[in-house]
Amino acid sequence: MKSRVFLVLLLFFALGLQSIAGIRVMSYNVRQGKADDGDNSWKNRRAATPAMLNDERPDVFGVQEAYDFQLKYIHSRCPRYKWVGVGRDDAKSGGEHMSVFYNTRTIKLIKWGTYYLSETPDVVSKGWDAKYPRTATWALLEEKATGMRFFFVNTHLDHKGVVARKESLALLHRKISEMNPDNLPMVLMGDFNVLPDNPGLEDINKLMKSARFNAQKADSFGSFNGFGKNGKSDAAPVLGQVDVDYLLPIDYIYYSGFEVCTEFRVVTKSYAGKPFISDHYPVTAYLDKPQTK
């Protein structure tokens, strides 16, 4: 009898822990798979990505620059993850994707969509002075353990267009405000190609919190490593010989509606024998239960 009561209490305790579980999210620029990067080309380093994902085990992550064959490779090696998103060239499969992956064991997909960072966001288009078409993929997701619903937005701003980056951030701010009238928890992430002091971030900083600057525990590394071309130092072996002073913090995780971000971290670990899994280090954050009104 005592053992049965103990088992019931143990189950109740486990469910109680599960009911307040948070989510781990990640932003990861995988570096597009058609680039001729020599030893760092996708075919030579691709095994490092599933190795990293199996180690970090995010509940949801957004990828930037990924071609269709890269998405399929990730899914084939990590089948618990499914993805949503479209190629930026044709809103189907052509070109780079800003896709959202979610762990089907912990997360349920409710609905999703993609819009373009341009003056005409509902159609395939290139905005302002951007060199390439840029998109944002959004998803309404549900944490299976708790029923908590939250929005997740993944994007990649243009690397050349100064006006495009400014206007894209303004568009993201407007879209995020409009899509969430019920004030559900929200995550915005991606490669913004701007530094944290960029004036274009001011409105988003008022609407959401940057995990890098608001986490209870956060490292101070940047995320863009350029496969070590940004500067090298023998004093930084764990960072693939990259001089940490040259790492650029251009990959972001923003959040709102969560009680706390307990950790923000740049994933600098080597995987599958490769010092760099991409020319960007992934950034990850752990977001605890939503705020109560």
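- By the side chain to side chain contact (heavy atoms under 4.5 Å, CB included) test, Asp203 is found to be paired with His173, Lys206, residues two or more places apart in sequence or in another chain being considered.
- Side-chain contact between Val30 and Ile277 is absent, with no heavy-atom pair separated by less than 4.5 Å.
- Annotation: cation-pi geometry satisfied between Lys34 and Tyr67 (NZ/CZ under 6.0 angstrom from ring centroid, within 45° of ring axis).
- Counting heavy atoms of neighbouring residues, nucleotides and ligands inside a 6.0 Å radius, atom NZ of Lys166 does not exceed 12 of them.
- Considering every non-hydrogen atom in both Ala136 and Leu117, the closest pair reads CB-CD2, 4.3 Å.
- With sequence neighbours excluded, the residues forming a side-chain hydrogen bond (donor to acceptor under 3.5 Å, both in side chains) with Asp68 are Lys72, listed by chain and number.
- Using a 4.5 Å cut-off between side-chain heavy atoms of Ile, Leu, Val, Met, Phe, Trp and Tyr, with links allowed through other members, Val100 and Val283 fall into the same hydrophobic cluster.
- Neither side chain, Asn44 nor Asp39, offers a donor N or O lying under 3.5 Å from an acceptor on the other.
- A distance-only check finds a donor-acceptor pair linking the side chain of Asn214 to the backbone of Ser210 [under 3.5 Å].
- Remark: side-chain polar atoms of Asp288 are not paired, donor with acceptor, to backbone N or O of Cys261 under 3.5 angstrom.
- Looking only at side-chain heavy atoms (C-beta outward), Asn54 and Cys78 come within less than 4.5 Å of each other.
- Around atom NZ of Lys82, no more than 12 heavy atoms belonging to other residues, nucleotides or ligands sit under 6.0 Å away.
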Practice prompt. List the steps, then state whether side-chain contact (heavy atoms from CB on, under 4.5 Å) holds for Glu119 with Trp128.
Written response: CA-CA 7 Å; Glu119 300 93 327; Trp128 305 284; 3.3 Å; yes
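- You'll find the side chain of Glu263 stays beyond 4.5 Å of the side chain of Gln216, heavy atoms only.
- Between Gln32 and Ala35, the shortest heavy-atom contact is OE1-N, 3.1 Å.
- Put simply, the side chain of Arg45 gets close to the backbone of Asn40: a donor and an acceptor are under 3.5 Å apart.
- With a 4.5 Å cut-off on side-chain heavy atoms, Pro58 and Leu53 count as touching.
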Donor-acceptor pairs under 3.5 Å, side chain of residues 108-115 to any protein atom, not counting sequence neighbours: which ones?
unit_1 : atom_1 : unit_2 : atom_2 : d
Thr114 : OG1    : Thr137 : OG1    : 3.2

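- No hydrogens or angles considered: nothing links the side chains of Thr49 and Tyr73 as a donor-acceptor pair under 3.5 Å.
- The side-chain heavy atoms of Leu195 and Asn198, taken from C-beta on, include no pair separated by under 4.5 Å.
- Of the possible polar contacts, none joining the Ser118 side chain to the Ser125 backbone as a donor-acceptor pair under 3.5 Å is found.
- Here Met189 contributes atom CE and Ile253 contributes atom CD1; the two are 4.5 Å apart, rounded to the nearest 0.5 Å.
- The structure places CD1 of Ile23 at 13.5 Å from NZ of Lys289, a figure rounded to the nearest 0.5 Å.
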Practice prompt. Step by step, work out the side-chain contact (heavy atoms from CB on, under 4.5 Å) result for Phe227 and Arg31.
Written response: CA-CA 10 Å; Phe227 291 127; Arg31 174 60 173 169; 4.0 Å; yes
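- Every residue two or more places apart in sequence or in another chain that forms a salt bridge (Lys or Arg N to Asp or Glu O under 4.0 Å) with Asp55 is listed here: Lys269.
- Nearest heavy-atom pair across Met52 and Pro282 is CE-CG, 3.8 Å.
- Side chain of Asp158 to backbone of Ala164: no donor-acceptor contact under 3.5 angstrom is found.
- Screening Asn154, Ile107, Val63, Val84 against Phe101 for a side chain to side chain contact (heavy atoms under 4.5 Å, CB included) leaves a single residue, Val63.
- Hydrophobic clustering, with ILVMFWY side chains joined whenever heavy atoms are under 4.5 angstrom apart, groups Val194 together with Met208.
- Taking CG from Leu188 and OG from Ser256, the interatomic distance works out to 9.0 Å, rounded to the nearest 0.5 Å.
- Separating the CG atom in Asn225 from the OH atom in Tyr281 is a distance of 4.5 Å, to the nearest 0.5 Å.
- For the side-chain hydrogen bond (donor to acceptor under 3.5 Å, both in side chains) test with Glu96, the passing option among Arg88, Gln64, Arg134 is Arg88; the others fail.
- Listed for the Thr155 side chain is a donor-acceptor partner under 3.5 Å among the backbone atoms of Thr135.
- Hydrophobic clustering places Val60 together with Val86 (ILVMFWY residues linked when any side-chain heavy atoms are closer than 4.5 Å, directly or through intermediates).
- Residues Tyr116 and Gly87 share a closest heavy-atom pair of OH-O, 3.8 Å.
- With hydrogens and angles left out, the side-chain atoms of Asp59 and Thr106 include a donor and acceptor closer than 3.5 Å.
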Discussion item. Please determine whether side-chain contact (heavy atoms from CB on, under 4.5 Å) holds for the pair Ser177 and Leu207, giving the CA-CA distance in whole Å, both sets of side-chain angles, and the decisive distance to 0.1 Å.
Written reply: CA-CA 8 Å; Ser177 301; Leu207 186 67; 3.7 Å; yes
Worksheet item: Between Val187 and Phe258, does a side-chain contact (heavy atoms from CB on, under 4.5 Å) hold up when you go through it step by step?
Response: CA-CA 9 Å; Val187 179; Phe258 291 90; 3.9 Å; yes
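- Judged by distance alone, the side chain of Asp129 and the main-chain N or O of Val162 form a donor-acceptor pair under 3.5 Å.
- Take Thr284 and apply the side chain to side chain contact (heavy atoms under 4.5 Å, CB included) test, not counting sequence neighbours, and it matches Arg24, Met26, Glu56, Arg265, Val267.
- Ile176 and Leu201 end up in the same hydrophobic cluster when Ile, Leu, Val, Met, Phe, Trp and Tyr side chains are linked at under 4.5 Å.
- Among pairs with a residue in residues 136-166, those fulfilling ring pair (Phe, Tyr, Trp, His ring centres under 6.0 Å) read Tyr132-His159, at least two apart in sequence or across chains.
- Note that the CG atom of Asn29 and the CE atom of Met98 stand 9.5 Å from one another [nearest 0.5 Å].
- Looking only at side-chain heavy atoms (C-beta outward), Tyr255 and Pro185 stay at 4.5 Å or farther from each other.
- From Lys144, atom NZ reaches atom OG1 of Thr146 across 12.5 Å, with rounding to the nearest 0.5 Å.
- Residue His280 forms a ring pair (Phe, Tyr, Trp, His ring centres under 6.0 Å) with just one option from Phe224, Tyr28, Phe221, and that option is Phe224.
- A distance-only check finds a donor-acceptor pair linking the side chain of Asn103 to the backbone of Arg105 [under 3.5 Å].
- Side-chain atoms of Tyr254 and Asn205 form a donor-acceptor pair, as typed in the model, at a separation below 3.5 Å.
- Ring-centre distance between Tyr252 and Phe192: below the 6.0 Å cut-off.
- In terms of heavy-atom proximity, Leu247 sits nearest to Ser223 at CB-N, 4.4 Å.
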Item to complete: Verify ring-ring contact (aromatic ring centres under 6.0 Å, His included) between Tyr81 and Phe61, making sure each step is shown before the conclusion.
Response: CA-CA 10 Å; Tyr81 290 105; Phe61 64 97; 5.2 Å; yes
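- Cluster membership for Trp83 and Val153, using ILVMFWY side-chain heavy atoms within less than 4.5 angstrom, is not shared.
- Of all non-hydrogen atoms in Ala91 and Val124, the two that sit nearest each other are CB-CG2, 3.8 Å.
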